[in-house]
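A, B, ... follow the sequence lines: proteins, then strands. Residue 1 opens every chain.
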Amino acid sequence: MNPSRTRTFRAQDYDLGATLDSGQAFRWVLRDHQWTGVIATHWVSLLQTPDGIEAETGAPVEDWTWLEHYLQIGADLPKIVRTFPDDEPMRQAVAACRGLRLLRQDPWECLASFILSSSKQIVQIRQIVGVICERYGESIAVPGGGTPSFAFPTAQRLAQLSEAELRACKMGFRAPYLLETARIVAAGMDLEALHGKTVGEARQSLMALPGVGRKVADCVLLFAYGFQQAFPVDVWVMKALQQLYFPRRRVKLKRLHRFAESHFGPYSGYAQQYLFHFMRLRDKRGLAEESKK
DNA sequence: GCCCAGGTGAAGC
DNA sequence: GCTTCACATGGG
């Protein structure tokens with residue numbers, strides 16, 4: 001096929017906005033109905049259409065497999081949703097988040113981003129990621145006249161920096177974690193090798209890294225490696241499980257993990273993303289209602 | 001000023 | 001094993 005800068009993907013049941021804005025990835029910006037972001041070294045702009053997604057890139061592309069893979073165009077969403085438990089909370093979440101998908105991201109970018117995510121709001125994670133990309137990422141091709149754009153910095157690049165330089169990117173106490181992890185990866189830890197492991201083994205390898213606990217590890221397992229059983233429990237998912245499944249009884253984290261494993265089926269990670277997004281939507285609406293008063 | 005954010009690691013029971 | 005606390009920074 002001839003190299004081209006545009007391409008159309010046919011896709012049913014795909015809510016691009018919900019997917020790119022649901023706290024999985026931190027580099028997407030909405031402008032004039034188009035989502036603009038960076039995947040590896042590609043500047044990309046995406047537009048939702050009735051039949052699917054129209055993509056534009058900064059440089060001509062011959063093989064579009066990388067984008068199809070990132071967006072998980074081929075995932076059978078109706079089939080996945082049918083495996084969710086048939087209970088009231090999931091019915092509500094599915095109704096509220098129709099077309100929400102899981103992306104398949106680059107392991108290093110996902111790992112580094114989620115090390116920066118701890119105890120931070122999504123807007124702020126975006127901001128920190130933006131700063132490290134501008135300062136330490138390679139410049140990439142953008143359409144004529146566009147503002148400069150940068151790849152996510154490699155582990156090798158970040159490994160050369162000082163802790164002070166990272167702190168200057170507003171990441172606070174996360175700086176030493178990111179720096180140490182970058183140095184371990186730059187020194188030869190093979191992130192690709194985790195693809196061939198079991199969830200448990202892969203999780204152990206990730207949790208051995210500084211700044212990576214159960215929650216960050218599960219995010220990377222789910223959003224980068226496609227382990228559909230990984231079930232990240234952050235404050236929102238904690239709230240969802242507490243309020244929707246265990247009202248008026250405080251349940252400990254360990255128990256919630258066990259509940260999640262047995263209750264949500266083979267695509268529990270997907271179910272988790274629906275609960276997460278559902279809770280955030282509900283919160284936004286709640287605030288909007290309140291400000292009207 | 002206050003509380004909270006896609007938490008983790010270390011210290012103290 | 002568990003619970004508590006410090007850790008930067010900015011949004012609401």
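- Taking a centre distance below 5.5 Å and an interplanar angle below 30 degrees as the stacking criterion, Trp236(A) does not stack against the six-membered base ring of dG6(B).
- Taking atom CD on Gln121(A) and atom P on dA8(C), their separation rounds to 19 Å, with Å as the unit.
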Under the side-chain hydrogen bond (donor to acceptor under 3.5 Å, both in side chains) rule, what do His263(A) and Asp87(A) come out as? Steps first, then yes or no, please.
CA-CA 10 Å; His263(A) 185 71; Asp87(A) 59 29; 2.7 Å; yes
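- Each of Ser22(A) and Pro210(A) was matched to the nucleotide of DNA chain B holding its nearest heavy atom; the match closer to the 5' end belongs to Ser22(A).
- Between the side chains of Gln24(A) and Arg101(A), not a single donor N or O lies within less than 3.5 Å of an accepting N or O.
- Nearest to the side-chain atoms of Lys120(A) among the listed nucleotides dT9(C), dG6(B), dG7(B) stands dT9(C).
- If you take CZ of Arg214(A) and C1' of dG6(B), they are 15 Å apart, rounded to a whole angstrom.
- Ring to ring, Phe26(A) and Phe114(A) are close: their centroids are under 6.0 angstrom apart.
- A donor-acceptor contact under 3.5 Å is formed by the side chain of Gln273(A) with the base of dG6(B).
- Taking atom CE on Met171(A) and atom P on dT8(B), their separation rounds to 17 Å, with Å as the unit.
- The residue Val237(A) sits close to a base: some heavy atom pair falls under 4.0 Å.
- Taking 4.5 Å as the limit, some side-chain heavy atom of Ile53(A) sits within range of a side-chain heavy atom of Tyr14(A).
- At whole-Å resolution of the value, NE2 in His257(A) and C1' in dG1(C) are 17 Å apart.
- Protein atom CG of Leu281(A) is 15 Å distant from nucleotide atom C1' of dG6(B), rounded to whole Å.
- Going from atom CG of Leu241(A) over to atom C1' of dG6(B) covers 13 Å, rounded to whole Å.
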Under a 4.0 Å heavy-atom criterion, the protein footprint on nucleotides 2-7 of chain C, written with B, S and -, is -S---B
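- Base engagement by Phe223(A) is indicated by at least one non-hydrogen atom pair under 4.0 Å involving a base atom.
- A distance of about 16 Å separates the P atoms of dA8(C) and dA11(B), rounded to the whole Å.
- A cation-pi contact, defined as under 6.0 Å to the ring centre and within 45° of the axis, is absent between Arg280(A) and Phe278(A).
- Remark: the separation of the C1' atoms in dG1(B) and dG12(C) is 13 Å, to the nearest Å.
- Here the C1' atom of nucleotide dC4(B) and the NZ atom of Lys239(A) are 9 Å apart, to the nearest Å.
- dG9(B) sits 23 Å from dG10(C) when the P atoms are compared, rounded to a whole Å.
- When the P atom is compared between dG6(B) and dA6(C), the two are found 22 Å apart, to the nearest whole Å.
- The base of dG6(B) sits with one of its N or O atoms less than 3.5 Å from a complementary donor or acceptor on the side chain of Gln272(A).
- Residue Phe264(A) is tested with Tyr245(A), Tyr274(A), Tyr270(A) for a ring-ring contact (aromatic ring centres under 6.0 Å, His included); the sole match is Tyr245(A).
- Counting any heavy atom pair closer than 4.0 Å across all strands shown, Leu209(A) reaches sugar-phosphate atoms only and no base atom.
- Residue Lys170(A) places its NZ atom among 12 or fewer non-hydrogen atoms of other residues, nucleotides or ligands, all under 6.0 Å distant.
- If you take CD1 of Ile125(A) and P of dA8(C), they are 18 Å apart, rounded to a whole angstrom.
- Aromatic ring orientation, Phe227(A) versus Tyr225(A): tilted (interplanar angle from 30° to 60°).
- Using a 4.0 Å heavy-atom distance criterion, Gly213(A) is classed as a sugar-phosphate-only contact.
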